[in-house]
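One structure below.
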Amino acid sequence: MNMKQNNYCVIMAGGIGSRFWPQSRVKRPKQFVDFFGTGKSLLQQTYERFSRIIPRDNIIVSTHSDYSDLVREQLPEIPVTQILHEPAHKGTAPSMAFAAYHIRTLNPSANIVMAPADQIIFDEERFAEDIHNALAYVAQHDNLVTVGIRPTHPETRYGYIQISHEAEDGFSKIKTFTEKPEYEFARIFVESGEFFWNTGLFIWNVNTIIDTMTKLLPEVNTRLNNIFCKEPDRDKRRAALYECYESFPNISVDYAVIERASNVYMQIGSFGWADMGRWDDIYRYSSKDAENNVVQSGTVEFYNSRNNLVTTTEGKLVILQDLDGYLISDTKDVLVICKKDEDDDFKKFRTNVMLKHGEEYM
C-alpha cells in the first residue's frame, strides 16, 4: 500500500460555538458559518485544506448527529460513510476514541491527524509540510504528537506547551501544559522561549492512541473495544455505540490523554495560525476600512465610528454614528450591540437570554 494511503484526517466539527452567538446557533454552529465573506464556512475551508494533504477517501468528519445533514449540505462530495455521528456532546476525548476505533477497522496501520474545524491557517504550504512530517514521524514512532506555535505575544486565551531539551528526530518531548494563563504568566512564558501555543492539532498512529487510551481512558476504551472488536456489522455497532455513548465522561482529549501520557512530543509549527474563539478574533483577522471598521455582511454607513465589527443580513442597510469598538450582530430574530472585546459581558448576555427565554433564541 502507498504510505500516503495510510494517512487519515478526522475533522472535529461537533461543537456548538456559543461564543459566536447570535450568528452561531444551536441549529447551525460556528463551523458551518462563513465569517469572512469568502463563500466558504470554517468547515469547508478546513476540508479543502486537508484534501490537499490527505486522500479524500480518508477524510472523516466527526460531528454531533444533529449536524450530519449540515455536513452533507456543505460537503456533498463526502459519502455518508465518512461522517461519524456523535449521539451526545461529550467532549473531544470520546469523539477522538470513537474515530480511532472506526479508522482501525478500515486500516490497522493508519496514521491520523485530528483537526478542529474552526482554525485559520495563514501559510497553507508550510502547514502541509509540517503535517506530512508529523505523519511520517508517528508512522515510525510509538509517540503522540501535538503541534505548537511559537508565541508572538502574551496571549491569555490559548493553552501553552513547555518543551524539554529531550528531542527525537526534531520532535521535542513535552514537559508541561498550562491552560489559559494570567497575563503575567503568559508574558513570562513568551520571554522564556520554552513555551508554545497549543494548537489542538494532534497526530498519531491508530495503534499508539488506542494503546494509550487503554491505560488512561479505560471507561471509554473498554466499551469501544467490545463494540468494534466483537461486532462486525456496522449498523449493529452504531446501535451499540448510541446506547453507551451517553454514559461516557464529558472530557477533552487534552485533559484525558495528552496532559497525562508519557509519550507526547511536540512539533514546532512553521505556519501562521489562529484559533477562532470569540468575536474579537474575527475582527482581528478581517480586512478593515480606513477607520478600522469591519463589515462581514450587509451594507453599512459609518459616521464618526471606528474599530467596529458589523454583521447583518444581506439586503439590509445599517447606519452607525459615534460608535467605537462595538460588535453589531444582527440576525432575523436577534440583534446584539455590545463592546466587541468584553468577552465576560458577552457570555453573561447569552446566559441571561437562555435563562429568560430558554432555547427560543439560541
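Remember, predicted model here, so these are calculated numbers, not experimental data.
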Would you say the side-chain atoms of [X] pair up with the backbone N or O of [Y], donor to acceptor, closer than 3.5 Å?
X      : Y      : answer
Lys236 : Ile227 : no
Ser297 : Thr312 : yes
Gln82  : Ile59  : yes
Asn205 : Ala110 : yes
Ser41  : Val33  : no
Lys173 : Ser262 : yes
Ser252 : Tyr255 : yes
Ser51  : Arg49  : no
Asn226 : Thr222 : yes
Lys90  : Phe248 : yes

Could you tell me whether [X] atom [atom1] has more than 12 heavy atoms of other residues or ligands within 6.0 Å of it?
X      : atom1 : value
Arg150 : CZ    : no
Arg72  : CZ    : no
Glu77  : CD    : yes
Glu184 : CD    : yes
Arg52  : CZ    : yes

Is the gap between the ring centers of [X] and [Y] under 6.0 Å?
X      : Y      : result
His64  : His89  : yes
Phe195 : Phe189 : yes
Trp197 : His153 : yes
Phe122 : Tyr285 : yes
Phe271 : Trp273 : no

Close side-chain approach of [X] to [Y], heavy-atom, < 4.5 Å:
X      : Y      : result
Val336 : Ile328 : no
Lys316 : Asp330 : yes
Asp142 : Asp211 : no
Met276 : Phe36  : yes
Ile149 : Ile268 : no
Phe346 : Cys338 : yes
Phe196 : Val190 : no
Val71  : Ser68  : no

Indicate whether the side chain of [X] and that of [Y] have a donor and an acceptor atom separated by less than 3.5 Å.
X      : Y      : result
Glu86  : Ser62  : yes
Thr311 : Ser329 : no
Asn307 : Tyr326 : no
Tyr283 : Asp341 : no
Asn6   : Ser109 : no
Gln162 : Thr178 : no

Which pair of heavy atoms, one from [X] and one from [Y], lies closest together, and at what distance?
X      : Y      : result
Tyr67  : Val26  : OH-O, 2.8 Å
Val257 : Leu216 : O-CD1, 3.8 Å
Val220 : Pro249 : CG2-CD, 3.7 Å
Ser305 : Glu291 : O-CB, 3.7 Å
Ser65  : Pro87  : OG-CA, 4.0 Å
Leu224 : Phe98  : CD1-N, 3.7 Å

Identify whether the distance between the nearest side-chain nitrogen and carboxylate oxygen of [X] and [Y] falls below 4.0 Å.
X      : Y      : result
Glu359 : Arg25  : no
Lys339 : Asp324 : no
Asp281 : Arg278 : no
Glu155 : Arg284 : yes
Glu219 : Arg223 : no
Lys40  : Asp34  : no

Between [options], which is the residue that forms a side-chain contact (heavy atoms from CB on, under 4.5 Å) with [X]?
X      : options                        : answer
Trp204 : Ile210, Val113, Leu144, Thr212 : Leu144
Asp118 : Leu42, Thr46, Leu43            : Leu42
Ile203 : Asp130, Ile112, Thr146, Val138 : Val138

Grouping I, L, V, M, F, W and Y whenever their side-chain heavy atoms are under 4.5 Å apart, do Val145 and Ile161 come out in a common cluster? no
Cluster link Met114 to Leu201, ILVMFWY, side chain under 4.5 Å: no
Evaluate Glu73 against Arg28 for salt bridge (Lys or Arg N to Asp or Glu O under 4.0 Å), listing each step before the verdict. CA-CA 12 Å; Glu73 172 191 311; Arg28 196 178 188 87; 3.3 Å; yes
Verify side chain to side chain contact (heavy atoms under 4.5 Å, CB included) between Leu84 and His102, making sure each step is shown before the conclusion. CA-CA 9 Å; Leu84 296 184; His102 170 73; 3.7 Å; yes
Lys NZ or Arg CZ of Lys180 over Tyr158 ring: under 6.0 Å, within 45°: no
Give the intermediate values and the outcome of side chain to side chain contact (heavy atoms under 4.5 Å, CB included) for residues Phe171 and Asn133. CA-CA 10 Å; Phe171 290 75; Asn133 188 38; 3.9 Å; yes
side-chain hydrogen bond (donor to acceptor under 3.5 Å, both in side chains) between Arg19 and Ser24, intermediate numbers included: CA-CA 8 Å; Arg19 290 177 183 270; Ser24 175; over 6 Å; no
Determine, step by step, whether Val147 and Phe202 satisfy the side chain to side chain contact (heavy atoms under 4.5 Å, CB included) criterion, reporting the C-alpha distance in whole Å, the side-chain angles of both residues, the deciding distance to 0.1 Å, and the verdict. CA-CA 7 Å; Val147 180; Phe202 303 115; over 6 Å; no
Listed by chain and number, what are the ring pair (Phe, Tyr, Trp, His ring centres under 6.0 Å) partners of Phe35, not counting sequence neighbours? Phe20, Trp279
